[in-house]
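Computed from heavy atoms alone, side chains included, the values below leave out hydrogens, waters and symmetry copies. Just so you know, ligand 1 is whichever comes first in the structure, and atom 1 is the first atom listed for that ligand. In what follows, residues are counted from 1 in the order of the sequence shown.
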Amino acid sequence: MDSAKKTDEKENLLAKVVSLCKRRGFVYPGSEIYGGLANTFDYGPLGTEILRNIKSDWWTTFVSKRQDIYGIDGGIILNRKVWEASGHTESFIDVLAECKKCHLRHQLDKLPKDVKTCPDCGGELTKARKFNPMFKTFVGPLQNEDATTYLRPETAQAIFTNFNNILNSFSPKLPFGIAQIGKAFRNEITLGKFIFRTLEFEQMEIEYFIQEKDWQKYFDRWKKAIWDWAISLGIKKESLRWRNHEKEELAHYSKKTEDLEFNFGGEYRELYGLAYRTDFDLRNHSRFSGKKLVYREEGKTGFYPHVVEPSFGVNRTFLAILYDAYNQEKDRLVLKLNPKVSPYKIAVFPLLANKENLVKKAVQIYGELSREFTTAFDGIGNIGKRYRRQDEIGTPWCITVDFQTIENETVTVRDRDTMKQERVAISRLENYFKKAMAAS
Ligand code: ATP
């Protein structure tokens with residue numbers, strides 16, 4: 001495929017996803033009524049449901065169902081010494097250059113190595129400038145150097161600073177992990193990437209503590225676990241690939257990193273990262289804090305465990321899911337979302353909105369199902385339009401209450417992907433959907 005065609009395809013799909021997100025209440029531009037704020041977005045009712053589903057599935061998979069992983073919820077604002085010890089104050093650096101013609105700023109390490117001109121307009125680039133993307137803030141009434149700290153640029157550090165607390169409260173044995181989901185903040189300057197690159201975003205991270213000799217084994221295990229989880233959410237394996245970081249590209253704390261990349265409309269970009277952080281963080285926090293963050297088995301000398309870190313982005317997961325689910329068919333637009341992540345699992349309709357007995361029955365079924373599943377109710381327009389509306393937001397099953405329902409207590413259940421309809425007894429609905437959800 002020639003490169004112009006590839007760029008078209010990429011921009012087309014992104015534009016379509018952005019437009020659907022805005023129109024149907026998944027994602028809105030941030031501060032829109034004030035003209036917006038670059039690289040910020042707000043999630044609407046449907047987007048919020050998807051974010052919740054992603055985070056909840058991650059937590060169930062990696063924390064609740066595992067005896068070796070402990071979940072925490074650490075602070076966003078930490079003592080600034082944390083960032084000195086972690087190396088972020090000094091080494092968390094982006095290199096940027098501005099186009100002299102269109103004035104767009106580019107992060108140089110995100111451009112292909114041989115690019116010397118602006119990728120958007122071909123203009124000349126200014127000299128590279130270094131810049132630290134952490135957001136500075138002040139704690140207390142004085143705004144001076146001593147009061148300065150940062151909004152966290154990653155969730156990992158509160159995990160390391162709580163290492164001894166977890167050892168003291170739970171006495172875990174190696175290998176074990178500490179997990180966290182939460183917001184992180186970076187002063188991103190590259191524009192126009194929708195929710196792929198934003199000023200605030202959510203991470204789901206695990207620091208998995210191991211013996212040094214085992215690092216390769218656990219690196220490989222996590223590689224598989226990350227891949228399997230992405231697939232379980234409905235991301236297609238053809239859209240994914242692993243990319244190993246070159247030596248010069250490695251973050252200051254890492255001895256080996258691989259990114260799981262997703263094909264965003266013809267361009268592979270980082271979805272998740274997997275890094276072998278050695279004992280860098282525990283060792284440095286021990287040095288800076290004066291508190292020994294070591295693991296000790298009874299009768300043996302303590303040591304710094306090594307760390308393998310799988311790092312997942314909630315928002316990039318969201319975007320990848322939408323890209324792979326987006327299907328423009330001949331007569332309809334359908335989001336083929338895995339039911340696990342779809343905003344609504346079921347929609348309930350009365351066949352005719354002006355027939356009181358049908359509406360009453362539909363409301364009753366909605367009330368019962370919504371205790372168990374996120375359920376929508378729609379009584380507007382004709383049935384065909386309601387199906388199209390639910391297809392567009394990825395609702396896997398639609399229930400219609402019709403005249404036969406009043407006679408024999410059955411409804412039609414229509415499947416989003418096959419568009420087939422079947423008659424199901426109302427008393428069986430809950431089990432029917434539980435089984436269908438379990439199979440997805
Ligand atoms: P990139 O190279 O794309 O800037 P990164 O290597 O800096 O990403 P990490 O520090 O490895 O990212 O962060 C872990 C995960 O957090 C990423 O894989 C991504 O899913 C997510 N993430 C990082 N920065 C952002 C951002 N600005 N907006 C949305 N998600 C982000």
Side-chain angles (χ1 to χ4, degrees), residues 14 27 30 37-43 47 51 54-55 58 83 86-88 91-96 105-113 131-135 150-157 159 179-207 222-223 226-227 229-230 233 235 239-246 248-264 267-277 280-281 307-323:
L14 180 61
V27 184
L37 175 65
N39 294 336
T40 66
F41 292 90
D42 296 330
Y43 288 78
L51 293 179
I54 293 170
K55 289 184 279 184
W58 187 89
W83 306 112
S86 70
H88 281 82
S91 311
F92 189 54
I93 298 292
D94 284 340
V95 183
L96 68 96
R105 288 176 185 152
H106 301 282
Q107 227 171 300
L108 287 188
D109 60 341
K110 302 285 181 285
L111 300 180
K113 276 198 190 102
F131 122 96
N132 189 317
M134 285 198 292
F135 280 103
Y150 305 91
L151 304 186
R152 65 181 178 200
E154 61 171 29
T155 54
Q157 293 308 320
I159 293 180
Q180 180 171 215
I181 297 181
K183 286 227 168 168
F185 303 82
R186 296 183 192 175
N187 195 356
E188 301 280 7
I189 45 91
T190 313
L191 288 171
K193 300 282 179 213
F194 191 41
I195 54 169
F196 179 83
R197 189 179 298 290
T198 48
L199 303 188
E200 56 182 283
F201 52 97
E202 275 182 293
Q203 291 186 317
M204 305 176 283
E205 294 194 301
I206 300 161
E207 305 305 319
W222 276 108
K223 219 173 137 174
I226 292 171
W227 177 278
W229 186 70
L233 293 186
I235 296 177
S239 308
L240 294 171
R241 72 171 190 202
W242 284 102
R243 188 181 69 80
N244 190 29
H245 278 214
E246 304 284 336
E248 62 270 20
E249 195 190 346
L250 286 173
H252 60 275
Y253 51 74
S254 171
K255 218 166 178 175
K256 180 177 173 71
T257 296
E258 287 197 46
D259 288 343
L260 184 63
E261 296 189 327
F262 178 83
N263 184 348
F264 286 102
E267 194 176 12
Y268 279 93
R269 290 182 166 273
E270 174 176 341
L271 183 62
Y272 310 139
L274 175 62
Y276 169 38
R277 286 179 91 122
F280 176 91
D281 301 271
V307 171
V308 170
E309 176 201 65
S311 180
F312 303 71
V314 177
N315 316 78
R316 288 187 191 176
T317 307
F318 181 110
L319 189 56
I321 284 173
L322 285 198
Y323 260 85

*Centres of the F194 and F41 rings: under 6.0 Å?*
yes
*Who's the nearest protein heavy-atom neighbour of atom 22 (N) of ligand 1, and how far?*
F201 CE1, 3.5 Å
*By side-chain contact (heavy atoms from CB on, under 4.5 Å) - contacts of K255 (at least two apart)*: Y276, T278
_What protein heavy atom lies closest to atom 6 (O) of ligand 1? Include the residue and the distance to one decimal._
E270 OE1, 3.0 Å
_Please determine whether any non-hydrogen atom of E188 lies less than 4.0 Å from an atom of ligand 1._
yes
*Mind checking whether L271 has an N or O less than 3.5 Å away from an N or O of ligand 1?*
yes
*Please state which protein non-hydrogen atom is closest to atom 7 (O) of ligand 1 and give its distance, to 0.1 Å?*
R186 NH1, 2.9 Å
_Per atom 13 (O) of ligand 1, closest listed option by heavy atom (M204, E202, E154, Q203)_ = Q203
*Is it the side chain, the backbone, both or neither of T198 that has a heavy atom closer than 4.0 Å to ligand 1?*
both
_Contacting atoms of ligand 1, where contact means under 4.0 angstrom from a heavy atom of G313_ = 20 (O), 21 (C)
_How far is atom 1 (P) of ligand 1 from the closest protein heavy atom, and which atom is that?_
K110 CE, 3.4 Å
_For atom 29 (C) of ligand 1, the protein heavy atom that lies nearest, with its residue and separation_ = F196 O, 3.2 Å
*Hey, which atoms in ligand 1 end up nearer than 4.0 Å to a heavy atom of Y272?*
18 (O)
_Using the ring centroid of each side chain, check whether F92 and W83 are separated by less than 6.0 Å._
no
*What is the closest protein heavy atom to atom 4 (O) of ligand 1, and at what distance does it sit?*
R197 NH1, 2.7 Å
_K256/N244 under side chain to side chain donor-acceptor pair (under 3.5 Å): CA gap, chis, key distance, verdict_ = CA-CA 8 Å; K256 180 177 173 71; N244 190 29; 3.3 Å; yes
*Taking atom 14 (C) of ligand 1 as the reference point, the nearest protein heavy atom with its distance*: S311 OG, 3.0 Å
*Considering only heavy atoms of G273, which atoms of ligand 1 have at least one such atom less than 4.0 Å away?*
18 (O)
*What residue and heavy atom of the protein are closest to atom 19 (C) of ligand 1, and at what distance?*
R316 NH1, 3.5 Å
